[in-house]
Amino acid sequence: MTSTATTTPTIQIERPPDLQVTGMSKHFGTLVALDNVSMHLKPGSFHALLGENGAGKSTLVKCIMGFYAPTSGAVLIDNNPVKIANPRDAHHYGIGMVYQHFTSVPAMTVAENLVLSRYESKALINWKDEMEQLQVFMDSSPFRVPIDVPIAQLAAGQKQKLEILKQLYLQSRILILDEPTSVLTPAEADEVLGLLREQVTEGKLSVLMISHKFREVMAFADEITVLRKGRFAGSGLVKDLTVPEMAEMMMGEKKEPTPVNKVADLEKAAVLDVRNLCANKDNGVEAVSSVNLVVHSGEIVGIAGISGNGQRELVEVLAGQREPTSGEIYVNGEPYGATRAEMFKHKVFALPEEPLKNACVPHMSVAENMALHTFDRPPQAKGIMLILNAIRQTAIGLIHQFSVKTPSPETPVGNLSGGNVQRAVLARELSADHIKLLIAANPCFGLDFNAVDFIHTEIVDARNRGVAVLLVSEDLDELLKLSDRILVISGGKFVYDSPIDEADFAAIGTSMAGH
Amino acid sequence: MADTSQAIGWLGVPLAIIAGTMRGGTPFLFVSLGECLTEKSGKINLGLEGTLLTGAMAAYAVSYLTNSPWLGVLAAGFAGAALGAIHGWLSQQPRVNDVAVGIAMIIFGSGVAFFFGKPFIQPKAPQLPTINLGEWSDFPALQAALQISPLFLIGLAIAPIMAWFFRSTRWGLFIRAVGDSPEAARAMGVSIFNVRMFSVIAGSFLAGIGGAALSLYYPGLWTERISSGQGLMAVALVIFARWNPIMCLWASLLFGGAQALGPALQSIGIKEGYYLFNAAPYVLTLLIMIFTCSPKRTLSGVPGALGTDS
């Protein structure tokens, strides 16, 4: 990196530069993603960028980073307008971004990824020297990751730390973080943000963090800027604001989540009974190791855990997408192999994660997708013939009942937005008359406030009707709100099990981290 | 030849296999190293079968016309690179599948080779010189077995060089990054198109030289059936070798040896099952496919983005 200072106009002073955005707009065709937004990131401050999904937060930072060319507006570094055409230019001004998805190469080691991330380096790599320098860097950095381990073997938390370390390694002075804590446990999130906060307080860094977790914003940020539907919706110092005030800026109106009304004292019968279930990951490594689980009717059992600890494989086995290596599954006391006939007999329904991939045929219409469970039975079929009108009429009813925003029942489901795909799948899974078991995995991932509220209400309604619900989620708040009983999965085993009113937040956090 | 082999009897079999390993293994080595380089960048090039044929034809024709076999080798490389450029460009167009393009390129490459190669089937082109390590021996069989082609030695050197290239050069890391996680590579500002284009072209250059080994070394002639599926087998071989250049070397030697089994047994008079033994490389390919493929797990070492559209 020493050569950088002589060959490129990198700003490498102790104090991080002052970053201003003025009148930034970005149009994608007729869609206005960002409309005349301005903000100011003062040197040595921790700034949070808040907003609902689709509010334009990512668009704004991508314009700053040079991923997008803004339609209008300017970026000022230390009050000088600068032209940032690509992330490499941004790097010259000391701006680095940590993306929501990981940008490290899974098959390479930490050291290889760090060396590769440098914009200027020699064609030949002297690994002996590099390893020594990396070790020196690692020893002086706020958090540590082993340097000779392939990325694929790191836990999600370590990967996220590496992404931040990479920017420090590149000597970025302004760090842009896009929802950096979405894959971390609360304790890990506090650790990472706390260490960054220290660097900011010492005046070594400025941080611009996209977030929607008020808890983190209140604890670590100095200032906020709020976007709503692509427009500037407010800003202020965190110490002058309350959470309801911030929420109001984000949503434009005061909105309280619909309270969860759980009917108590429902008749309890074991619906799902999983005994000693084992399953492997795609690469043959054991993901679920000898798990026992009972879900009763009228009960929501929540499974918490950091992604990659076996919950995905568990759900895939229960949904029939993966073969278990051993163990038994019983539904209503009978062995269950997730065949179509058994699903129909026992009224098992599933709401898998990434519904477009796992629960829909993207090129088929909304109506056809809504009929995937029922198209081969009366009244939607007669013999081998489908009754298309019945399929269409059912779909129209469901679209109305579940407020799915679609141009028509004939629109391919892949053309709908994420929230509406989720609604369409939910409509299909919850519309049957007598549901016995509902398996839901991250049902609200990436959805906006209204959609989340709607889905939570529907799940609780189903529970109140006596449905046994297994809810797997990475969102701890969601689990604490909905579950009757909460389990924590770590390393393919349940390591915590408690009724919700006795659940201990700190204990859940530590068991998620695998301690 | 047959008499002397008879003279040393059964000893001739391992000797013939060792010789065959070096001769028959050379084209496998070049094609598999080429395919390894290509696949490391995330693209599959099935068209190397056609590249091999075109390379063989170009080497033979240029060697015949210029009287310089080394110019022929160079011509084979560039002919291969030209086919690689077509594959590299075509297979990176939106909604174009590598495998489909690869099959088209097999047919195209073969067609090109047959079309331009017609006049060169009869004449005898100058062959590449060999390094004779067996001159101390009185056995002609041993002398013949130790006639080593410089091409084989070059291939032998390229394997560790390529392994070092992937480990210790910036370009090598770029290729691996592009093949494993194009998203990450893009975030680093690497042009995925250029890296893959380079990898496919360089890989095809090597495969073309593999063709030169066929027509200018062993069997040392130009016919339309000279490649007999070796280009396709090399693709299987790369999987077998877990995308590791050093392993490619061993796998190529194994395939070359399997290929020599039939002729070796024939030379000591075992005639039954000649065609069966000749099928050894193909059987080996099938067995490798069966043993390395499983629906329950993914292969270790496979580039993450291999054959995907990203």
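Lettering of chains follows the sequences in order, A, B, ..., and the numbering in each one begins at 1.
Side chains of B:Asp180 and A:Pro106 form a contact here, defined as non-hydrogen atoms less than 4.5 Å apart. The closest side-chain heavy-atom distance from B:Val178 to A:Val105 is not below 4.5 Å. A 4.5 Å side-chain heavy-atom check between B:Arg167 and A:Trp127 finds at least one atom pair inside the cut-off. Under the 4.5 Å side-chain criterion, counting only non-hydrogen atoms from C-beta, A:Leu124 is not in contact with B:Phe165.
Among the candidates B:Ser181, B:Gly179, B:Pro303, B:Gly172, the residue making the largest number of heavy-atom pairs closer than 4.5 Å to chain A is B:Ser181.
Scanning both residues, A:Ile125 and B:Thr169, for their nearest heavy atoms gives CD1-C, 3.7 Å. The heavy-atom pair separating B:Arg170 from A:Val115 by the smallest distance is NH1-O, 4.3 Å. Contact record, B:Ala184 with A:Thr103: CB-O, 3.0 Å, taken as the closest heavy-atom pair.
Of the inter-residue distances, the one linking A:Met108 atom CE with B:Phe166 atom CZ reads 10.0 Å to the nearest 0.5 angstrom.
The number of heavy-atom neighbours closer than 6.0 Å to CZ of A:Arg312, taken from other residues, nucleotides and ligands shown, is 12 or below. No more than 12 heavy-atom neighbours from other residues, nucleotides or ligands sit within 6.0 angstrom of CH2 on B:Trp250.
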